[in-house]
2 protein chains.
Amino acid sequence: MLFTHMVEPQKSNRLNTVLKAASDPTRRAILTLLAQQGPLRVTDIARRFEMSLNSISKHIKVLEGSGLVTRRTEWREHLIEVNMAPLSEIDQWFAELRSIWALRLDALDAALKEDHND
Amino acid sequence: MLFTHMVEPQKSNRLNTVLKAASDPTRRAILTLLAQQGPLRVTDIARRFEMSLNSISKHIKVLEGSGLVTRRTEWREHLIEVNMAPLSEIDQWFAELRSIWALRLDALDAALKEDHND
DNA sequence: ACATGATTCACCCAACTGGTTGACTGAACT
DNA sequence: AGTTCAGTCAACCAGTTGGGTGAATCATGT
């Protein structure tokens, strides 16, 4: 059986965007900053980095696309807030992978015991 | 204070490589396959995908570089095995981020209560 | 009306990625 | 000696990514 397209596409896509978003150090730093400072404006975030405002704006859009961050536009200021929920999607995938792995080991163990009993 | 280069570089690099490695669907599928089937040869892995052996070989090298997979070269066959350990690095980062977030909320809560008591 | 401030949009560019093919190495079986 | 099998290396291509600049938008304050 081929492995490509074996997972439910929408779930896999969400995993993809979240992991991709999280796999950039600048974006992780933004998340940390937001976690400890609470909602911030784009400009305030950009000030913390030695990088152009525009680049930060782009990074924020990526984070927003992954759901790791939400935007509350109040008048002309965009308040950016961290959102931990999507992380659990990754947690879940890890758990799944680990359980698959553990299951195989259990089966192996059982087979060995069976063998020994013969 | 600027946020760039605020984290210990080697730890951040490991996080980077692990997250990057995990953020490709083909590579995640390889990990799942290995978790449920146990150690496999490169060719056996490649057979499961509609993709060239070379591409799979490259993906495996990326996974190997992140530590998510180890290689045991027996005679001319390379046995590839999944290794869950690096995942905990990501777990750890999640936990850290969540606790930073929770801490801020607690502080906020305390401040509100203090305010109320005045 | 006009300037200012906060953000995004539209490009541009260099670097990286994911995939391909073809040539290569090294061991094993005729 | 020649062939086959397992796998990597090297070069290449198209698409994406991370960064930058300058103009555009849009609401407020003067």
Side-chain angles (χ1 to χ4, degrees), chain A residues 2-5 7 9 12-13 15-31 33-34 37 39-66 68-81, chain B residues 2-5 7 9 12-13 15-31 33-34 37 39-66 68-81:
Chain A
L2 284 181
F3 242 64
T4 334
H5 309 122
V7 250
S12 165
N13 277 347
L15 245 184
N16 252 337
T17 56
V18 178
L19 280 169
K20 273 245 182 106
S23 73
D24 180 87
T26 308
R27 288 195 287 264
R28 280 201 306 278
I30 292 178
L31 290 179
L33 177 64
L34 288 173
Q37 305 273 326
L40 290 178
R41 298 179 313 160
V42 177
T43 314
D44 291 335
I45 298 174
R47 216 194 318 271
R48 305 303 201 87
F49 296 85
E50 38 196 12
M51 196 181 297
S52 81
L53 173 65
N54 294 25
S55 297
I56 296 292
S57 171
K58 274 207 260 182
H59 277 306
I60 291 177
K61 250 199 326 192
V62 173
L63 287 171
E64 201 184 359
S66 77
L68 282 169
V69 132
T70 59
R71 183 188 305 255
R72 201 160 16 111
T73 307
E74 277 176 16
W75 48 302
R76 68 173 163 178
E77 295 180 351
H78 298 206
L79 282 185
I80 311 297
E81 189 166 10
Chain B
L2 284 181
F3 242 64
T4 335
H5 309 122
V7 251
S12 163
N13 278 348
L15 244 185
N16 252 337
T17 56
V18 178
L19 279 169
K20 272 246 182 102
S23 73
D24 180 89
T26 307
R27 287 195 287 264
R28 280 201 305 279
I30 292 178
L31 291 180
L33 177 64
L34 287 173
Q37 304 274 325
L40 289 178
R41 300 178 312 159
V42 178
T43 314
D44 291 334
I45 298 175
R47 216 193 320 269
R48 305 304 200 88
F49 297 86
E50 38 196 12
M51 197 182 297
S52 80
L53 173 66
N54 293 25
S55 297
I56 296 294
S57 171
K58 274 209 263 182
H59 278 306
I60 290 176
K61 250 198 329 191
V62 173
L63 287 170
E64 201 183 1
S66 76
L68 282 168
V69 130
T70 59
R71 183 189 305 256
R72 200 160 16 109
T73 308
E74 277 176 17
W75 47 302
R76 68 171 163 179
E77 295 180 351
H78 299 206
L79 281 185
I80 311 298
E81 189 166 10

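Quick note: numbers below take in every heavy atom, side chains included, and nothing from hydrogens, waters or symmetry partners. Every chain is numbered from 1 and lettered A, B, ... according to where its sequence line falls, protein lines coming before strand lines.
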Review point. If you take atom types as modelled and just measure distance, does the side chain of Asn54(B) reach the base of dT21(C) with a donor-acceptor pair under 3.5 Å?
Key: yes

Round to the nearest Å and state the distance from [X] atom [atom1] to [N] atom [atom2].
X        : N       : atom1 : atom2 : value
Phe49(A) : dG20(D) : CZ    : C1'   : 17 Å
Lys20(B) : dA15(C) : NZ    : P     : 15 Å
Arg72(B) : dG7(D)  : CZ    : C1'   : 17 Å
Leu53(A) : dG18(D) : CG    : P     : 17 Å

Practice item. For the side chain of Arg71(B), starting at C-beta, report the closest nucleotide among dG19(D), dT20(C), dG7(D). Key: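 Among the listed nucleotides, the one closest to the side chain of Arg71(B) is dG7(D).
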
Practice item. Return the nearest nucleotide to the side chain of Glu77(A); candidates are dG18(C), dT7(C), dG7(D). Key: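 That would be dT7(C).
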
Is any side-chain heavy atom of [X] less than 4.5 Å from a side-chain heavy atom of [Y]?
X        : Y        : answer
Ile80(A) : Asp44(A) : no
Asn13(A) : Thr17(A) : no
Arg47(A) : Arg41(A) : yes

Exercise for review: Go through residues 56-66 of chain A and report each residue with a non-hydrogen atom lying under 4.0 Å from DNA chain D, sorted by number.
Suggested key: Lys58(A), His59(A)

Would you say [X] reaches [N]'s phosphate, i.e. side-chain N/O to OP1/OP2 under 4.0 Å?
X        : N       : value
Ser52(B) : dG19(C) : no
Ser55(A) : dG20(D) : yes
Thr26(B) : dG19(C) : yes

Point to revise | side chain to side chain contact (heavy atoms under 4.5 Å, CB included) involving Ala22(B) - partner list, sequence neighbours excluded | key: Leu19(A)

What N/O pairs connect the protein and nucleotides 2-5 of chain C at under 3.5 Å? Give each pair on its own line.
{"from": "dG5(C)", "atom 1": "O4'", "to": "Arg76(A)", "atom 2": "NH1", "distance (Å)": "3.4"}
{"from": "dG5(C)", "atom 1": "N3", "to": "Arg76(A)", "atom 2": "NH1", "distance (Å)": "3.2"}

Check your understanding: Does Arg27(B) reach the main-chain N or O of Lys20(B) with its side chain, forming a donor-acceptor pair under 3.5 Å?
Key -> yes

Check your understanding: What pairs with Ser55(A) under side-chain hydrogen bond (donor to acceptor under 3.5 Å, both in side chains), at least two apart in sequence or on another chain?
Key ->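 side-chain hydrogen bond (donor to acceptor under 3.5 Å, both in side chains) check on Ser55(A) returns Ser52(A).
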
**Study point:** Those residues that, when tested against Asn54(A), pass side-chain hydrogen bond (donor to acceptor under 3.5 Å, both in side chains) (two or more places apart)
**Key:**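 For Asn54(A) there are no side-chain hydrogen bond (donor to acceptor under 3.5 Å, both in side chains) partners, ignoring immediate neighbours.
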
Practice item. Taking salt bridge (Lys or Arg N to Asp or Glu O under 4.0 Å) as the test, write out the residues that go with Arg71(B), two or more places apart. Key: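 Salt bridge (Lys or Arg N to Asp or Glu O under 4.0 Å) list for Arg71(B), sorted by chain: Glu64(B).
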
Check your understanding: Rounded to the nearest 0.5 Å, how far apart are CG of Asn16(B) and OG of Ser66(B)?
Key ->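 Output value for this atom pair is 11.5 Å.
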
Check your understanding: Which is true for Asp24(B) with a 4.0 Å heavy-atom rule: it touches a base, it touches only sugar-phosphate, or it touches nothing?
Key -> sugar-phosphate

